[in-house]
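Notes follow the structure.
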Amino acid sequence: MKEIPLPMSEEAREKKAKSLKRMCTFVSVLTVACAVCAVLLLLGVFIAVIVAEFKFDSATLCYILAGAFAGAAVLFALAAAGLGCLSRRADDATLDFLERCDGEESFFVGEGTLATFQPDRLCIHGSDPRVKVFIPYAEIRAFSVCTRTAPRERGEWSVVFEMPARYLSKDKSPKNDPALVQIQADDKERLRSALRGHGIPLSGERREEAQQKGRFRLAKRFVIPNRKKRSRAFLVLGVGIAAFVAGIPVALCADVTIGAILAVFGVLFAGRSLFDFMRAKGEFSFYEEGLFWKDPDGIDRLFLKWSEIEAVTRGGEGSEWSVQCAYGTYHLPDVAGAYEYLAQFRPEKCADRAMAEEG
């Protein structure tokens, strides 16, 4: 969305902000409603087709209904996809509006927390004007970071600020002076202009440099199966097959509609369990461009380019990895054979090998 103009008065700004929040909520609800309708209509297609196979006198009507349901399902699915994109854009525009209501050089760095650039320091504050934290620019480092969850160029761009922890910690004792803490804001041109205007260098990967097209090149993949999740998926698969098999005699001997619904749900359960079974695995992959990790539960995903990684340290056989980047450290589990492959594939990234060579 385009930048939303700021009203002149404070009252008008508050009114506009509430209106934008209501619009975001409405679009989000509408997106979910369209997605649910698409799923229900798709179920209707399966039920209509199965009923047509058992009720020959109503077959024509059932196939007409199946076609109508299928067309409507496609329309609702497209509407859900379009509304989802609109919802994300509306959320971004609303957050940008709320930032600019606080100031042209204010940026969200957390839920309800803003970082505002002042002439000689950065001010961290929330909705309570009495609670503010001030950090001198000389003690702040800024990094441009692209968070990637898949081995591809596209990702979420942000700016990470690193500063001494004593400014944000309740414990002000001298022992905390060396500790560092990070906050993160969405990357935008307004933020980059503020950094340049206040003389804060921006390190890290540049958005304009990330222009590679096509797929990244896989060198080696280590797979970690999730046995618990696969056992559960296999059990659900059995339930789905049983429901489908039971639906056939119910449709033939008792009620066609009930049997059709039972069979459809059996197919859905079986299909979903097969999908879950295939995805119930973790992955540790090495690409020519970087390192990809996906945990066996499929929740955490991470792709780091080799240009981001400064060093990889492993305490010992079976101990976790510490992947050191300029803006922070990632801790990844050790996978049998992975570190040995890294030592051959990218020996300069292994901290112990680099120290041995220097020695």
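In terms of the side-chain contact (heavy atoms from CB on, under 4.5 Å) criterion, residue partners of Ser322 (sequence neighbours excluded) are, by chain and number, Thr313, Thr329, His331. In terms of the side-chain contact (heavy atoms from CB on, under 4.5 Å) criterion, residue partners of Glu162 (sequence neighbours excluded) are, by chain and number, Arg141, Phe143, Leu180, Gln182. With sequence neighbours left out, Val36 forms a side-chain contact (heavy atoms from CB on, under 4.5 Å) with Val32, Leu40. Applying the ring-ring contact (aromatic ring centres under 6.0 Å, His included) criterion to Tyr341, with sequence neighbours excluded, gives Phe286, Phe345. Under the salt bridge (Lys or Arg N to Asp or Glu O under 4.0 Å) criterion, Arg301 pairs with no residue at all, not counting sequence neighbours. By the side-chain contact (heavy atoms from CB on, under 4.5 Å) test, Leu218 is found to be paired with Arg221, Ser285, Tyr287, residues two or more places apart in sequence or in another chain being considered. Partners of Trp293 by ring-ring contact (aromatic ring centres under 6.0 Å, His included), not counting sequence neighbours, listed by chain and number: Phe284.
The two atoms that bring Leu42 and Ala73 nearest to each other are N-CB, 4.2 Å, heavy atoms only. Across all their heavy atoms, Pro136 and Tyr167 have their closest contact at CD-OH, 3.4 Å. Shortest non-hydrogen contact noted between Cys123 and Phe134 is SG-CE2, 3.7 Å. Between Tyr137 and Arg121, the closest heavy-atom pair is OH-O, 2.9 Å. Residue Cys325 comes nearest to Ile309 through the heavy atom pair SG-CA, 4.3 Å, listed as atom of the first residue, atom of the second, then distance. Nearest heavy-atom pair, Arg314 versus Trp321, reported as atom, atom and distance to 0.1 Å: CD-NE1, 3.8 Å.
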Kindly determine whether Leu291 and Leu342 satisfy side chain to side chain contact (heavy atoms under 4.5 Å, CB included), including the steps that lead there.
-> CA-CA 10 Å; Leu291 174 69; Leu342 176 66; over 6 Å; no
Start with the C-alpha gap between Val181 and Ile183, add the side-chain angles, then the distance that decides, and say whether side chain to side chain contact (heavy atoms under 4.5 Å, CB included) holds.
-> CA-CA 7 Å; Val181 69; Ile183 56 177; 5.6 Å; no
Test log, rule side chain to side chain contact (heavy atoms under 4.5 Å, CB included), inputs Met163 and Glu139 = CA-CA 6 Å; Met163 59 196 67; Glu139 298 194 61; 5.9 Å; no
Show your working on side chain to side chain contact (heavy atoms under 4.5 Å, CB included) between Val159 and Phe107 and close with a plain yes or no.
-> CA-CA 11 Å; Val159 173; Phe107 308 92; over 6 Å; no
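Atom CD of Glu289 sits about 14.5 Å away from atom CZ of Arg152, to the nearest 0.5 Å. With values rounded to the nearest 0.5 angstrom, Leu191 atom CG is found 5.5 Å from Phe117 atom CZ. To the nearest 0.5 Å, the span separating CG on Leu122 from OG1 on Thr116 amounts to 7.5 Å. To the nearest 0.5 Å, the span separating CG on Leu75 from CG on Leu41 amounts to 9.5 Å. Rounded to the nearest 0.5 Å, atoms OH (Tyr330) and CG (Asp300) are 11.5 Å apart. Atom SG of residue Cys146 and atom CH2 of residue Trp157 lie 4.5 Å apart, to the nearest 0.5 angstrom.
Residues in residues 100-110 take part in these salt bridge (charged side-chain N to carboxylate O under 4.0 Å, His left out) pairs, two or more places apart or across chains: Glu3-Arg100, Asp96-Arg100. The salt bridge (charged side-chain N to carboxylate O under 4.0 Å, His left out) contacts involving residues 191-201 comprise Asp187-Arg192, Glu189-Arg196, where partners must be two or more places apart or lie in separate chains. For residues 13-25, no residue pair satisfies the salt bridge (charged side-chain N to carboxylate O under 4.0 Å, His left out) rule, not counting sequence neighbours.
Taking the six-membered ring where the residue is Trp, the centroids of Phe216 and Phe303 are separated by under 6.0 Å.
Shown here is Gln118, whose CD atom has more than 12 heavy atoms of other residues, nucleotides or ligands within 6.0 Å. The number of heavy atoms from other shown groups lying within 6.0 Å of NZ (Lys188) is above 12. Heavy-atom contacts from other residues, nucleotides or ligands closer than 6.0 Å to OH of Tyr63 number more than 12.
Under the 4.5 angstrom side-chain criterion for Ile, Leu, Val, Met, Phe, Trp and Tyr, the cluster partners of Val74 are Leu78.
Both Leu6 and Leu20 belong to a common hydrophobic cluster when Ile, Leu, Val, Met, Phe, Trp and Tyr are linked at side-chain heavy-atom distances under 4.5 angstrom.
Under 4.0 Å is where a charged nitrogen must lie from a carboxylate oxygen, and between Arg148 and Glu205 at least one such pair does.
Side chain of Glu288 to main chain of Ala219: no donor-acceptor pair is present (N/O by atom type, distance under 3.5 Å, no hydrogens or angles).
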N/O donor-acceptor pairs under 3.5 Å from side chains in residues 232-245, not counting sequence neighbours:
none

